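A short write-up of the structure that comes next.
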Amino acid sequence: MNKIIISPSILSADFMNLEHEIASVKEAGAQWIHIDVMDGHFVPNISIGVPVVKSIRKKTDMFLDVHLMIENPEKYVKTFAEAGADLITFHYEASEEPEKVISLIKSFGKKAGISIKPNTKSEEIFPFLNSVDLVLVMTVEPGFGGQEFMHDCAMKIPSIREKAPESLIIQVDGGINNITSKICKSLGANSLVAGSYIYKSNNYKKAIESLI
Ligand code: DX5
Ligand code: ZN
């Protein structure tokens with residue numbers, strides 16, 4: 001298995017000190033930053049959008065992992081790509097034509113990810129495993145940080161790993177901590193998103209190291 005990629009979710013960071021919060025996790029060993037975009041329709045919460053991604057891009061060279069929890073993702077791919085996203089992950093459930101969204105993301109030279117909510121079966125995304133760079137398996141209902149890890153959802157990982165090309169990144173998001181990270185890694189995940197576990201800890205370095 002490749003190296004584990006840790007992607008701290010800034011949803012749990014202190015937004016008044018975002019520059020410092022991002023620099024701190026970089027200093028602590030993270031190479032990616034997970035940016036949760038919520039529209040109040042696809043999920044029952046509103047978070048941040050394009051201007052924030054643009055501002056982050058100006059201040060860091062970290063890999064920007066943008067998780068779109070929005071309806072009609074195809075309408076916004078261009079603006080997020082131009083804002084400086086490196087990876088754009090959209091939800092399978094939010095798109096009528098996932099293959100088109102994947103091609104659109106790639107047309108901007110960005111990495112493409114597809115995500116599934118807890119009630120979506122892994123088989124549904126099998127047709128896209130050769131087109132995407134990453135599959136994001138949600139282990140909570142998307143919308144909020146700080147929720148409890150759903151073990152059943154992690155059980156989707158082996159079947160995806162079995163069908164996927166070797167280069168596919170399988171990322172898990174929701175309820176990741178020092179214990180659930182081990183479960184996900186043993187099942188075949190190689191990228192972990194963690195929000196509250198890292199940003200609510202008093203030592204980002206120790207928290208990140210405990211996930212690897
Ligand atoms: C939830 C978001 C997550 C969230 C994870 O909808 O997609 O990225 O920040 O938060 P934790 O790690 O606290 O479960
Ligand atoms: Zn996320």
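Order of listing sets the numbers, starting from 1, for every ligand and every atom in it. None of the values given here were measured: they were computed from a predicted structure.
- Any N or O atom pair closer than 3.5 Å counts here, and Asp36 shares at least one such pair with ligand 1.
- The atom of Asp36 nearest to the Zn ion (ligand 2) is OD1, with the search restricted to N, O or S atoms.
- Short contacts between ligand 1 and Gly145, defined as distances under 4.0 Å to a heavy atom of the residue, involve ligand atoms 10 (O), 13 (O).
- Ring orientation note: the planes of Phe42 and His91 are tilted relative to one another, at an angle of 30° to 60°.
- Summarising the geometry of Tyr197 relative to Ala207, their closest heavy-atom pair is CE2-O, 3.5 Å, with the distance given to 0.1 Å.
- Here the options are Leu192, Leu136, Leu187, the test is side-chain contact (heavy atoms from CB on, under 4.5 Å), and the partner is Val172; only Leu192 passes.
- The two residues Ile6 and Ile212 make their nearest non-hydrogen contact at CG1-CG1, 3.7 Å.
- No side-chain heavy atom of Leu87 sits under 4.5 Å from any side-chain heavy atom of Ile169.
- The closest approach between a heavy atom of Tyr197 and any atom of ligand 1 is not below 4.0 Å.
- Residue-ligand proximity, Gly174 to ligand 1, at heavy-atom distances under 4.0 Å covers atoms 14 (O).
- Proximity to His34 (heavy-atom distance under 4.0 Å) selects the following atoms of ligand 1: 8 (O).
- Within the set Asp173, Leu192, Val140, the minimum heavy-atom distance to atom 8 (O) of ligand 1 is found for Asp173.
- Of all atoms in ligand 1, numbered sequentially from 1 with element shown, those under 4.0 Å from a heavy atom of Ala194 are 12 (O).
- Here the side chains of Gln31 and Lys3 are in contact, with some heavy-atom distance below 4.5 Å.
- Under the 4.0 angstrom criterion for non-hydrogen atoms, Lys200 is not in contact with ligand 1.
- Between Asp133 and Lys110 there is no salt bridge, since no side-chain N of the basic residue sits under 4.0 Å from a carboxylate O of the acidic one.
- Across Val101, Leu134, Val132, a single residue satisfies side-chain contact (heavy atoms from CB on, under 4.5 Å) together with Ile114, and that is Val132.
- Shortest non-hydrogen contact noted between Asn177 and Ile179 is OD1-N, 2.8 Å.
- Our summary of the site lists the angle at the Zn ion (ligand 2) between ND1 of His67 and OD2 of Asp173 as 90°, to the nearest 10 degrees.
- Comparing Gly143, Gly146, Ser7 against atom 6 (O) of ligand 1, the shortest heavy-atom distance belongs to Gly143.
- The atoms of ligand 1 that sit less than 4.0 Å from any heavy atom of His67 are 7 (O).
- Ligand-side atoms of ligand 1 in range of Ser196: 11 (P), 12 (O), 13 (O), range being under 4.0 angstrom from any heavy atom.
- Residue Pro142 approaches ligand 1 through these ligand atoms, each under 4.0 Å from one of its heavy atoms: 6 (O).
- Distances from the Zn ion (ligand 2) to each N, O or S atom of His34 single out NE2 as the nearest.
- In this structure, the side chains of Asp173 and Ser9 stay at 4.5 Å or more apart for every pair of heavy atoms.
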